[in-house]
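Residues take their numbers from the sequence shown, with the count starting at 1. Quick caveat, the model's predicted, so the values are computed rather than measured. Atoms within a ligand are numbered from 1 in the order they appear, just like the ligands themselves.
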Amino acid sequence: MFDPHKIREDFPILKRKINNHPLVYLDNAATSQKPRQVIEAIKNFYENRNANVHRAVHTLSQEASELYEKAHEEVADFINADGIEEIVFVRGTTEAINLVAYSWGLRNLKKGDEVIVSLMEHHSNIVPWEILSKINGFSIKYVGLNDEGGLDYEAYEELITKKTKIACFSHVSNFSGIINDVKRIAKIAHDHGALTLIDGAQSVPHLPTDVRDLDVDFLAFSGHKMLGPTGIGVLYGKRDILENMEPFQGGGEMIREVLFDSITQRCTITWNNLPWKFEAGTPNICDGVGLMEAVKYLRAIGMENVQAHEHVLTEYAMKRMLECRNVEIYGPKDASLKCGIIPFNVEGFSSHDVALFLDNYGIMIRSGFHCTQPLHTIFKLKSSARVSFYIYNTREEVDKFMEALMEIEQI
Ligand code: 7TS
């Protein structure tokens with residue numbers, strides 16, 4: 001039985017008081033809190049297993065290498081990838097998208113080509129493409145939103161052409177929480193001979209994810225938003241595509257051989273096997289192990305249960321927020337269309353004022369642009385406040401949030 005009260009016992013930070021109130025953490029879209037199991041795994045690694053990987057023959061290095069590879073396996077199983085060759089550990093979603101932009105995009109996109117990006121994207125799925133287009137001269141076409149605040153699929157179908165080489169969309173918006181139809185996005189892209197890059201930063205932590213069923217070519221996500229440590233994230237890529245890509249960065253770990261030819265005075269270099277070809281230098285071994293523990297924790301709960309729990313909280317919170325006269329919610333009002341994220345504003349208050357007021361009661365929410373400035377322009381917003389839920393949030397916490405929100409309204 002899924003019981004958030006029981007789950008909370010695993011999260012030491014939730015025992016904290018802030019401003020003499022029990023911590024109510026509702027900023028999960030920014031980063032999640034960490035369970036004891038993940039914290040222990042990190043401590044245990046440094047206390048008992050620490051060594052560099054894939055380098056030495058000694059026992060400690062063998063153990064560390066085995067653990068680090070197991071972490072890739074655990075992640076591969078979690079998203080139903082076809083083996084660890086398809087799982088590249090990176091720093092996070094941002095680095096995963098940059099890896100695709102520079103390793104794949106730099107060599108495959110040229111003047112006359114097109115890249116499709118949605119206006120719903122986090123800046124990390126816009127800025128790398130804008131930077132690269134200035135180098136390679138390809139054009140970017142932006143897909144807008146429909147009346148419900150979802151992706152305008154019709155506009156996407158109209159914009160895509162045979163010149164489109166890659167379509168870049170988020171699975172779940174970090175502003176509205178709306179869930180995009182990734183299968184449909186991928187089918188449209190593939191029908192036109194284009195690849196898809198899906199930003200899974202807000203979906204992988206909250207929904208069951210099956211990359212083979214979704215048929216995406218690349219999927220980027222961050223460990224820290226799914227109970228794992230910061231500094232570790234994942235780029236999933238279809239094996240044949242990754243095989244045909246050049247490395248992102250050069251150095252140790254990613255090479256098989258570096259042969260110096262005394263006649264040409266140059267080195268001939270061959271790349272290591274996947275996924276190591278894309279993991280140059282000493283990787284973030286310990287946080288990879290931490291991520292493995294986070295994935296195990298989520299799998300034990302069951303991603304269907306995670307999604308169902310967030311749905312209940314989101315539906316309840318939205319219902320209560322919609323009853324407030326001076327609170328406006330953005331995006332879809334039907335909780336079944338979204339993950340546990342609710343963007344809103346209180347009339348007459350800036351989003352930062354709302355967040356600071358709630359902070360007095362120990363309630364942590366995000367305010368600002370949430371790195372989605374183009375989306376805020378579409379919604380004609382200077383900024384917004386945002387609550388976002390995860391497995392340890394409770395109905396009582398929603399009530400506390402509502403109590404404080406109603407106090408702001410009375411002011
Ligand atoms: N993509 C989406 C959809 C995100 O929500 C975020 C982070 C990122 C990419 C970047 O992830 P990173 O781990 O590489 O930084 N989103 C947020 C947020 O909504 N509030 O703070 C960070």
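Proximity annotation for atom 19 (O) of ligand 1: of R386, H171, K225, R386 comes nearest, heavy atoms only. The heavy atom nearest to atom 10 (C) of ligand 1, considering only M120, H122, E121, R91, is found in H122.
Listed by number with element, the atoms of ligand 1 under 4.0 angstrom from any heavy atom of S124 are 1 (N), 8 (C), 9 (C), 10 (C). Within ligand 1, counting atoms from 1 as listed, the ones closer than 4.0 Å to a heavy atom of S222 are 11 (O), 12 (P), 13 (O), 14 (O). Under a 4.0 Å criterion applied to the non-hydrogen atoms of A30, ligand 1 contributes the atoms 18 (C), 20 (N), 21 (O), 22 (C). Shown in contact with A201 at under 4.0 Å from a heavy atom are these atoms of ligand 1, numbered in order with element: 1 (N), 2 (C), 3 (C), 4 (C), 9 (C).
Residue contacts with ligand 1 include A29, since one or more of its heavy atoms lies under 4.0 Å from the ligand.
Distance from atom 5 (O) of ligand 1 to its nearest protein heavy atom, with residue and atom name: Q202 NE2, 2.7 Å. In this structure, the protein non-hydrogen atom closest to atom 14 (O) of ligand 1 is T94 OG1, 2.6 Å. Here the protein heavy atom with the shortest distance to atom 21 (O) of ligand 1 is R366 NH1, 3.1 Å.
Look at R366 and D27 and you find no salt bridge, because none of the NZ, NE, NH1 or NH2 atoms lies under 4.0 Å from a carboxylate O. For the pair K43 and E47, the salt-bridge criterion is met [side-chain N within less than 4.0 Å of a carboxylate O]. Salt-bridge check for D399 with R320: passed, with a basic side-chain N closer than 4.0 Å to an acidic carboxylate O. Under 4.0 Å is where a charged nitrogen must lie from a carboxylate oxygen, and between R239 and E243 no such pair does. Under a 4.0 Å N-O distance rule, the pair K187/D215 does not qualify as a salt bridge.
Of the possible polar contacts, none joining the Y330 side chain to the L381 backbone as a donor-acceptor pair under 3.5 Å is found.
Here the side chains of F218 and L235 are in contact, with some heavy-atom distance below 4.5 Å.
The shortest N or O to N or O distance between E95 and ligand 1 is not below 3.5 Å. When only interatomic distances are considered, the shortest N/O to N/O separation between H370 and ligand 1 does not fall below 3.5 Å. Polar contact with ligand 1: absent for S170 (N/O pair, distance under 3.5 Å).
Contacts between D199 and ligand 1 below 4.0 angstrom, taking non-hydrogen atoms only, involve the side chain exclusively.
Counted within 6.0 Å of CZ on R8, heavy atoms from surrounding residues, nucleotides or ligands total more than 12; the atom is thus considered enclosed.
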Under the ring pair (Phe, Tyr, Trp, His ring centres under 6.0 Å) criterion, do H206 and Y390 qualify, and how do the steps go? CA-CA 8 Å; H206 305 281; Y390 211 14; 4.8 Å; yes
